[in-house]
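The structure appears right after this line, and notes come after that.
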2 protein chains.
Amino acid sequence: MDNLYAARIGALREMMRAHGWDAVLFTGSDPHDSEYPAERWMTVRWFTGFTGEAGDLVVTPDHAGLWTDTRYFIQAVRQLAGTGVELHKTRVPEQVLIPEWLADRADEDEFVLALDGLCVSAGTVEEIRAAFMERGRVCRVVSVPDLSGVLWTARPAVPQTPVFTADPGETRTERLSRVRTFLREQGCTRLLLTTLDDIAWTLNVRASDIEYNPLVISYLLVGLDDAQWFVLRQSEEDPQTRSALDAVSADGVDLRDYADIELALGECRGEVAVDGNRLSYHLREVLLEAGATLHDLPSPTALWKAVKNATEVEGMRRCQLADGIAMERFLYWLERSLQQDRRVSEWDAALQLGRYRAEDPDYLYDSFETISAWGPGAALPHYSTPRTGAPLLEPRGLYLCDSGGQYRCGTTDITRTVPLGACSELEREDYTLVLKGHIDLAKAVFPEGTPGCRLDALARAPLWAHYRNFGHGTGHGVGWFLGVHEGPQDIRQNLNPQALLPGMVVSDEPGIYREGLYGVRHENLLLCREAGCNDFGAWLRFETLTLCHYDTSILVTELLDRDEVIWLNEYNRRVFETLAPLLPAEVAAWLEEKTQPVVL
Amino acid sequence: MDNLYAARIGALREMMRAHGWDAVLFTGSDPHDSEYPAERWMTVRWFTGFTGEAGDLVVTPDHAGLWTDTRYFIQAVRQLAGTGVELHKTRVPEQVLIPEWLADRADEDEFVLALDGLCVSAGTVEEIRAAFMERGRVCRVVSVPDLSGVLWTARPAVPQTPVFTADPGETRTERLSRVRTFLREQGCTRLLLTTLDDIAWTLNVRASDIEYNPLVISYLLVGLDDAQWFVLRQSEEDPQTRSALDAVSADGVDLRDYADIELALGECRGEVAVDGNRLSYHLREVLLEAGATLHDLPSPTALWKAVKNATEVEGMRRCQLADGIAMERFLYWLERSLQQDRRVSEWDAALQLGRYRAEDPDYLYDSFETISAWGPGAALPHYSTPRTGAPLLEPRGLYLCDSGGQYRCGTTDITRTVPLGACSELEREDYTLVLKGHIDLAKAVFPEGTPGCRLDALARAPLWAHYRNFGHGTGHGVGWFLGVHEGPQDIRQNLNPQALLPGMVVSDEPGIYREGLYGVRHENLLLCREAGCNDFGAWLRFETLTLCHYDTSILVTELLDRDEVIWLNEYNRRVFETLAPLLPAEVAAWLEEKTQPVVL
């Protein structure tokens, strides 16, 4: 047992024996159901070495299994080799999920399952219990907060980065007042927020506690007349942080220590609104023991946050200018570098783009890890560009770059796929069909009340007509100086009933991926806007926010119809006219060439 | 109180007083949850005079209300005048549905609601009880089978028309065996079928008990080793009926009287599969009192029925030939009649089409009431052509005809909208955009597993792009020599997750309706078929079954793209080549002219 991870799992099994646990569950989650948990909560990685963004670990006396989805199968097989941990595939027809798998292992005795109740949602525990009940078995859940810390002695602390305030054109008093109106409407006395973007939105605070996300790790409890923010850094002397905390406090929000949340909830009676799908099992148990009556409701802030106000929309437009300048300078640099036979790796390219973005004073950091991929790498929609030994860009075929920035006035997310030299007919067709789907969605008009899932086929139909498709969603919501992925709206296969509302921002990113060869993805951000009323009802349409030209040199023009060519020419002209005055002269001249209209 | 309906409701109120009932509910349903109930069950019509296809009646001591949806508002206002019955609108944002309305009227005492438990589904009663419970009120339901019969002394009997057998290429023994496999898989001992199309499908029997639907009013109880069919006509001497009943009996199905269903269910123990959404409240109560354990599952026959086998598909194709011949002869006759200045009313036209259809030996009757509408009438998607005083067709504008037939080899449903003379620019645009949407859906390719709701936007996007839309679904399932509307699949706004499967037949019928002016609808039936597999997965596409040309004379060709024009020209050519040899010479010559290719 010389494998590091096998040894750690061995130590866990000894602990299980000592406590009489039949199984231990670790999820890839943190106490805030974050998309990107801080290192402290990367328990699955610590036990297994698996670095994928989604993975749950179950250990029993004779089995250790990692559950992850299609995106991570290849990576999991590689990373789990030698650890003794077996891969359980999810999102495949034959999947057996953790609740069923555990329940199938139970006999007539009570089955004891240990977990870190802070990092497992109440909903997950319900699903496990339901699976046991269906089989006539009984599962006792032992919740041990920070369970992994017993073995993981060098476990990192909760991150603490400087806190600052954001100005979205609506004060925190106004936002807290929205919450209180909601509480009164629902007959509740308190709302517990545990998700970090909802807290940041409500309090107009930001930090950098979570990679790529300007969030403060904390909890927020809003009552009808009071509010308590559970956050570290009470005694912080950094002036910016001090001033931000004071501003929150001045608006009637009591500052309490992060660790006090349990104490506070332990005294919580009355009608408490919680989002049961995202609340941790442990905090729910604390609330129930305290005698609170839980109202399981989606956090109202999720929808409020998704609908951008005028200031936020203006900010989203402004940061697209900065992003567009960086992207055009980057694409110019890329083309010149290759023309000059310079050696550029995928990683070099990502760094160069980051440098251009960093020149804008409003830019803080990227909104996710840049995917910079030439050829075969781009065939993986979730490719991770290696820092060392990254493949060199070759002067042929397609290069794909998916990146975004966190700016003080908004969040961006853009993908461009560009030819680095000669392309095959198939590459040209795929490039054109993906652009066709992208355009068809971007120029869609649709009735008020339409959910994104009903528009998804517009982006896919041009691909489907050629028997091509892509395995990810077409669009996700995007936050305002918050997470680059946010709900509740999306544009994808799943039948999510959330209507697209004026003020929502979504991505439009169809693709085609050819394993071992190349990938194509085109992505802009779209703002949903009102488009008038007539006898047929009220109408909505999109405004394209992103500003960066689409390369037209490898288009198979015959695959586009007239309206699509008109859209493309107008878009490229708008990009040129908007960005040219802000670009270095040689880049502007180059962009003028690049944006000459396509003739059908 | 000289109004006939007011008098009937007055008599009902006396009955309510005598029994101590606080309210009575009558639904527009029959004991079989039929789309078109026989006259015996048109209780709402008998009490109110309202003839719409959807309407529920609630009577309390001081209120009588009819609940119906948008389609019938105008008609309801007209027909309810003078009856004292008030219209309650459904499918509008401010709707208050019957469960909530009743519960809002309850005080602290027990509320007694009487209803005919045979004609109210178990699900409806659940909803009512839930609404009362939410408000802390109690509702006692008094179920009186055939409740209306006490006052409605001239109530018609249960219809009995000759029974005959159908040959769908699968024997009833095979179909019963499918049911028994299902029972074993689900751990059940019996399946109760109460819906008539499911029974007709399982037993390969047909009759004409329900208008437009070749169905036998009956119940079917299938056990692991036995089966009982509860049907009238036990002593029928008509040789066809006798032979059909004998054939069913010979396959091990016991024939019992229709009225015996209660007795039989009263002795039913064990695990019984029922479709709770469609089972009547009364029969469910009988089963529960008998001590049966109910497994609420959608009837497996619904999905089996929707997926046509090779014989059924071949039959669907064959009856389209007959239907196409009738339609082309009709359209020729229509054009000639108007050219010769003959007076033709909407009703005359419907009759003439019926005569042509009736010439086919396989034709039995129409699959629904023909909508024959010129100009303003066609603006109502559910227009009912008046038998007397029908508007005359004028030699200008658009004429819409939506019709279908029941043939021994299948069921048809087709809509054509044709110009009868000069058309406005708006008419031409609407005509073209609807055809564009129709074609875009018809030529769609899509991945296996796609539900119809994800394709709905393909038919609408061309209309949406011009800020136009239609208020009905795009497509419904169609039976094989059964109901012209059948589930579980459809293509509409609602997020119905049922995937389209190879062998399913759906309509493709977008439209545009201009109130007071005209309506456009184009409808063909589509067969879902496999279309191969590749690296991107398994693919499906549609085969257009319907054969009748689309008029191209008023197209605004610029609104169509190349692929759409290719589809249209190929379709019209196929219609001509297939039908011309079967048409009278002068009609064939005319059709050749009509199907000349459009040049883009």
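Labels below follow one simple rule: chain letters A, B, ... track the order of the sequence lines, proteins then strands, and each chain is numbered from 1. The figures here come from the full heavy-atom set of this structure, side chains too, leaving out hydrogens, waters and symmetry mates. The structure displayed is predicted, hence computed values, not measured ones.
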Interchain contact, [X] with chain B, by part (heavy-atom threshold 4.5 Å):
X      : result
A:F470 : neither
A:A465 : backbone
A:L463 : neither
A:N496 : backbone

Step by step, work out the side chain to side chain contact (heavy atoms under 4.5 Å, CB included) result for A:V445 and B:H466.
CA-CA 8 Å; A:V445 173; B:H466 293 259; over 6 Å; no
Say you draw a straight line from [atom1] of [X] to [atom2] of [Y]; how long is it, rounded to the nearest 0.5 Å?
X      : Y      : atom1 : atom2 : value
A:L560 : B:D561 : CG    : CG    : 11.0 Å
B:N494 : A:L495 : CG    : CG    : 11.0 Å
A:L540 : B:W464 : CG    : CH2   : 10.5 Å

With a 4.5 Å heavy-atom cut-off, do B:T450 and A:Q493 have their side chains touching?
no
Quick one: does A:N534's side chain have a donor or acceptor within less than 3.5 Å of a partner on B:Y467's backbone?
yes
If you count heavy-atom pairs within less than 4.5 Å of chain B, which of A:A461, A:A444, A:A531, A:P447 leads?
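Most heavy-atom pairs under 4.5 Å with chain B: A:P447.
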Taking every heavy-atom pair that is under 4.5 Å apart, which of B:R514, B:E515, B:R460 has the most such pairs with chain A?
B:R514
Closest heavy-atom contact between B:R454 and A:A457?
O-CB, 3.0 Å
